[in-house]
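No hydrogens, no waters, no symmetry mates; every other heavy atom, side chains included, goes into these values. Counting convention: from 1, in listed order, for ligands and their atoms alike.
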Amino acid sequence: MKELCLAVLPGDGIGPEITAQAVAVLRRMADQGRFRVTLEEAPVGGAGYHASGHPLPQATLALCQKADAILFGAVGDFALDHLPRELRPEQAILGLRKALNLFANLRPVMIYPELAGASSLKPEVVSGLDLLILRELTGDIYFGQPRGIRVLENGEREGFDTMVYRESEIERIGRVAFEAARKRGRRLCSIDKANVLETTQLWREVMTDLGKSYPDVALSHMYVDNAAMQLLKNPKQFDVMVTGNMFGDILSDEASMLTGSIGMLPSASLDANNKGLYEPIHGSAPDIAGQDKANPLATILSAAMMLRFSFGLLEDANAIERAVRKVLADGLATGDIARDRCQMVGTRQMGAAVVAALEEGS
Ligand code: NAD
């Protein structure tokens, strides 16, 4: 039986409430004899700062390095916004990505039939939507050097950043994308701005070359401005999209809003060996923290991604996703996904309903 050694980083705000529900799901599955699991918790973000003066304490990082995978809640605490940038809670997530070399960010964007009305787009444009966005996470203009703000000879200030990608970095994320497309609809759309930016011209060339090794995947290319438009016009045309760090940052947020419910979307950030950090895409939601109002489903679905991508436990991942679909079909809803004739529940009750649905489906 597989043994899962997990680091659990609840973080701030609603983080502890939502991770507790995902942990309950994993524990219940272990009780069902599906796998063995060891869970160790550590503070991160504002909680890390309060515990030991840094958003990513050494002991937390060491735990993450030792673990097979990391379940992450959310970080962010407006009360700490006065701190220097390197001590703010959000730095923890950047530090983890860097220290663990988590270069591939996977964001599935799908619409559950019960929630099609929650999107700001017409239900017929989004219903049935099921796409995967792959964003490169450790390179590009966010990390390129040199960068800064300098003073010109005439005294005017000038800001500058460097967009840079090595062939090996492009190929690495490209392979993850082609492999992911193979497991889905076998269509991959690579997003760039090759008509204007040299870096992304190289991106297109590398993706095209790589495509020759994946003849079973239909590769297409699209400029980022058109991609932003197509996501709103006809998002169902996409199966898997792959892009760099900055374009991916923007497009993945745009795409997540097609579903209309930030509390439903999971994500994974993987290294070259599929070790990963799994987290909901939303933040720490301080406005509803501690009130049993947060939707735990994005975190529970992140645990499903963990079983699939880090442990190859596909059937168990599917079981969680089936359980989530069941509670939605049964009409249960937290405030963020409230709709006509739904049964409003809190965080704990939603988590318990998923655990119960798991029992029925097993
Ligand atoms: P947010 O995602 O925390 O909240 C935006 C809105 O969505 C709020 O109204 C919130 O109540 C609601 N919401 C979010 N998650 C929800 C859930 N699971 N269920 C129900 N409603 C939910 O974004 P924000 O308010 O801009 O940021 C709050 C803090 O989170 C900030 O400190 C920010 O830096 C941080 N943040 C952290 C991460 C992360 O940990 N990866 C990501 C984004 C923002």
Atoms of ligand 1, numbered as shown, that sit under 4.0 Å from any heavy atom of G283: 1 (P), 2 (O), 3 (O), 30 (O), 36 (N), 37 (C), 38 (C), 42 (C), 43 (C), 44 (C)
Numbered atoms and elements of ligand 1 in range of G76, under 4.0 angstrom, heavy atoms: 32 (O)
Inter-residue atom distance L102.CG - L94.CG, 0.5 Å rounding: 11.5 Å
Atom 8 (C) of ligand 1: nearest protein contact (heavy atom, Å): D287 OD2, 3.5 Å
Within-shell test, A298 vs ligand 1, heavy atom, strictly < 4.0 Å: no
NZ/NE/NH1/NH2 to OD/OE distance under 4.0 Å, R27 and D31: no
Proximal atoms of ligand 1 relative to E279 (non-hydrogen, under 4.0 Å): 41 (N)
Short N-O contact, D253 and R107, less than 4.0 angstrom: yes
Sidechain N-carboxylate O distance under 4.0 Å for E124, K236: no
Carboxylate-amine/guanidinium contact D81 R88, below 4.0 Å: no
Check: P286 N/O within less than 3.5 Å of ligand 1 N/O: no
Is_contact(atom 10 (C) of ligand 1), protein non-hydrogen, under 4.0 Å: yes
4.0 Å protein heavy-atom contact status of atom 21 (N) of ligand 1, strictly under: yes
Taking atom 3 (O) of ligand 1 as the reference point, the nearest protein heavy atom with its distance: A285 N, 2.8 Å
Heavy atom of I288, distance to ligand 1 below 4.0 Å: yes
I14 and ligand 1 - part of the residue with a heavy-atom distance under 4.0 Å: side chain
Ligand 1 contact by I18, heavy-atom criterion under 4.0 angstrom: no
Heteroatom proximity flag, V75 to ligand 1, N/O under 3.5 Å: yes
Per-atom contacts of ligand 1 with A294, taking only distances under 4.0 Å to non-hydrogen atoms: 19 (N)
Polar contact flag for I262 and ligand 1 (N/O pairs, less than 3.5 Å): no
Flag side-chain contact, heavy atom, 4.5 Å: E40 against L6: no
Residue part near ligand 1, for N295, under 4.0 Å between non-hydrogen atoms: both
Ligand-side contact atoms (ligand 1) for residue partner E90, heavy atom cut-off under 4.0 Å: 31 (C), 32 (O), 33 (C), 34 (O), 35 (C)
Ligand 1 atoms in contact with S284 (distance to a heavy atom under 4.0 Å): 3 (O), 28 (C), 29 (C), 30 (O)
Salt bridge flag under 4.0 Å for residues K293 and D336: no
Backbone N/O of M163 and side chain of D140: donor-acceptor pair under 3.5 Å: no
Short side-chain to backbone donor-acceptor contact, D12 and A47, under 3.5 Å: yes
Electrostatic pair E171-R175, nearest N-O below 4.0 angstrom: yes
R182 and D216 ion-paired at < 4.0 Å: yes
Min N/O separation K293 to ligand 1 under 3.5 Å: no
Within-cutoff protein neighbour (heavy atom, under 4.0 Å) for atom 24 (P) of ligand 1: no
Same cluster (ILVMFWY, side-chain, under 4.5 Å), I337 and I320: yes
Heavy atom of the protein closest to atom 27 (O) of ligand 1 (residue, atom name, distance): F78 CZ, 4.2 Å
Atom indices of ligand 1 within 4.0 angstrom of A74 heavy atoms, with elements: 40 (O)
Charged tip of R147 within 45° of F160 ring normal and under 6.0 Å: no
Non-hydrogen atom of D77 closer than 4.0 Å to ligand 1: yes
Distance flag for atom 38 (C) of ligand 1, protein heavy atom under 4.0 Å: yes
N-O pairing of R34 and E315 below 4.0 Å: no
